[in-house]
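FYI, side chains are in, hydrogens and waters are out, and symmetry mates aren't considered; it's all heavy atoms of this structure. Residues take their numbers from the sequence shown, with the count starting at 1.
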Amino acid sequence: MKLLDIINGLATKMPVDLNPEVDNICFDSRKVGKGSCFVAQVGTKVDGHKYIDATIEAGAVAVVCQEMPKEVKDGVAYVVVDNTDMALGVMADNFYGHPSRELKLVGITGTNGKTTTVTLLHRMFREYGFHVGLLSTIVNKIDEKEIPATHTTPDAIALNSLLRQMVDAGCEYAFMEVSSHSVVQHRIGGLTFAGGIFSNITHDHLDFHKTMANYIAAKKMFFDNLPATAFALTNIDDRNGMVMVQNTAAKVQTYSLNKMADFRCKVVEDTFQGLQLEINGCEVWTRLVGRFNAYNLTAIYAAAVLAGMEKNDAMRILSMLQAADGRFQYVSGKGITAIVDYAHTPDALENVLQTINDIRRPEQMLFTVVGCGGDRDTSKRPEMAKIACEMSDRLVLTSDNPRTEDPERILDDMEAGLTDEQKSQVVRISDRRQAIKTAVLMAKEGDILLVAGKGHEKYQDVNGVKHHFDDVEELEKLLKEN
């Protein structure tokens, strides 16, 4: 594609004299080759401007930058813009032929519930007979073809490439998680959304955003940029629910369990077998468990209807859905009910524990195994340990993904949220495999065991190396009947 077609719509600071044929767009200097257009981003750790000369030597025919290099090479087109992050999104959208305009693309943002919501919306519309794309933390899908996911929201180039593949495969809808990082870093720049969903906002990602105000603003930016043709579905039981949509041009729709809303849900019954819900006067039995899933299911039903599904069909298919992998996923054996859940924030952990406590019988003991990730927001560690200790009968603190941090240091941070009396009742084992085994050995027939934090993940990140580790797999081995 010609460079001028790729940068169409960008506000450039100076004229672009050359118009070379561009074979690909790269923001990673190591991937630049003959015919590349290199976009020099000012990253949090590395400034791409340092590698401009190296990319030209590797074959780049065009460079998009925020500052013109001191030495300008002949035969290379230079494009100077205010923000290369924003430019990359527009360029990727142009390069792949505006794929989001050919789909009904629905995004969801919020702290908790994103993966469950997009995964089940994908399943609903597949069941309804549509070709559908999925972009999630767990996996990306084109219909049922799986493409591994490396980030909650891919970079702008990978994202538009995936959307183009979806369009070419005949997809009519696509559902995607929209992380706060991706909004701030303009990874979704240039995309056209048919709808946006807000689930909730609680303590998370403050290592990146620094303050809750910044975190809220990042989520809100997604809705600020929705077009008038889109819908903006928001949870008004969350105190920031209406804040999210106060400046959106999209058609605002609300959902709630506690207030009058466009989509109003009442929990009729909540058991380990499922939820009985009443949504806008119609009752439905679902296989998902817990009040937090009542919110997810209400959002799923509402989004399905707003995206064009008939109400009766949406309700029928809702009753058939099963939880996403690693979301309140059951493993049982030896009379013990084990639950694996991705809960890795204070609010998510509290929701899962509250659900279990609301349902379990008085004689059933609750054992919880939980850790916190390394190289991430440290302020939530003591809070999560406190919640887990107060809401469980026995607690085992362990590693999550320690990454480059000392696992024992992470456990020290978690224990800081406990009183001396609580510490004496907590088991601390940094080896996650041994921690799960210890909890299983402590539990007796009829008890409940929650293993939280990793959910669907099938690895443990230690010092930059991902080792195979699967909570479900570990529990299945330990609970196998002899």
Colleague: When the ring centroid of Y173 is compared with that of F125, is the distance short of 6.0 Å?
Modeller: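 They qualify: ring centres under 6.0 Å apart.
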Colleague: Consider only side-chain N and O atoms of R187 and H181, and report whether a donor and an acceptor are under 3.5 Å apart.
Modeller: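 No, no side-chain donor-acceptor pair sits under 3.5 Å.
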Colleague: Taking NZ, NE, NH1 and NH2 as the nitrogens, is one of them in R403 or E405 under 4.0 Å from a carboxylate oxygen of the other?
Modeller: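 Between E405 and R403 there is no salt bridge, as every charged N stays at least 4.0 Å from the carboxylate O atoms.
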Colleague: Before giving the answer on salt bridge (Lys or Arg N to Asp or Glu O under 4.0 Å), spell out for D347 and K380 the whole-Å C-alpha distance, their side-chain angles and the decisive distance to 0.1 Å.
Modeller: CA-CA 10 Å; D347 182 67; K380 69 182 182 182; over 6 Å; no
Colleague: Parallel, tilted or perpendicular, judged at 30° and 60°: which one describes the rings of F223 and F198?
Modeller: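 Correct class here is perpendicular.
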Colleague: Taking atom types as modelled and ignoring hydrogens, do the side chains of D358 and T355 form a donor-acceptor contact shorter than 3.5 angstrom?
Modeller: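 No, no side-chain donor-acceptor pair sits under 3.5 Å.
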Colleague: Say whether S399 and Q460, considering side chains only, have a donor N or O and an acceptor N or O under 3.5 Å apart.
Modeller: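 Not at all, the side chains of S399 and Q460 share no donor-acceptor pair under 3.5 Å.
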Colleague: Should the pair R164-E102 be classified as a salt bridge under the 4.0 Å nitrogen-to-oxygen rule?
Modeller: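 Result for this pair is yes, salt bridge flagged.
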Colleague: Check the pair E476 / K480 against salt bridge (Lys or Arg N to Asp or Glu O under 4.0 Å), numbers first and verdict last.
Modeller: CA-CA 6 Å; E476 284 177 342; K480 187 176 181 180; over 6 Å; no
Colleague: In plain terms, say whether D471 and R432 are close enough for a salt bridge, that is, a side-chain N and a carboxylate O under 4.0 Å apart.
Modeller: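 Here D471 pairs with R432 in a salt bridge, since their nearest N and O are under 4.0 Å apart.
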Colleague: Would you sort out whether M176 and V106 count as a side-chain contact (heavy atoms from CB on, under 4.5 Å), showing the intermediate values?
Modeller: CA-CA 6 Å; M176 71 176 289; V106 178; over 6 Å; no
Colleague: Do the two ring centres, one from F222 and one from F193, sit under 6.0 Å apart?
Modeller: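 Yes, the ring of F222 comes within the 6.0 Å limit of the ring of F193, centre to centre.
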Colleague: Any side-chain heavy atom of I448 within less than 4.5 Å of one from F272?
Modeller: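 A side-chain contact under 4.5 Å exists here.
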Colleague: Answer with yes or no whether the side chains of Q185 and D85 bring together a donor and an acceptor at under 3.5 Å.
Modeller: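 Distance-only check fails for D85 and Q185.
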Colleague: Do T254 and D262 meet the criterion of a side-chain donor-acceptor pair at a distance under 3.5 Å?
Modeller: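 The criterion, which ignores hydrogens and geometry beyond distance, is satisfied for D262 and T254.
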Colleague: Between F130 and K104, is there a cation-pi geometry (under 6.0 Å to ring centre, at most 45° from the normal)?
Modeller: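 The answer is no, since K104 fails at least one limit relative to F130.
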Colleague: With a 4.0 Å cut-off, would you call R428 and D412 a salt bridge?
Modeller: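 Between D412 and R428 there is a salt bridge, with a charged N closer than 4.0 Å to a carboxylate O.
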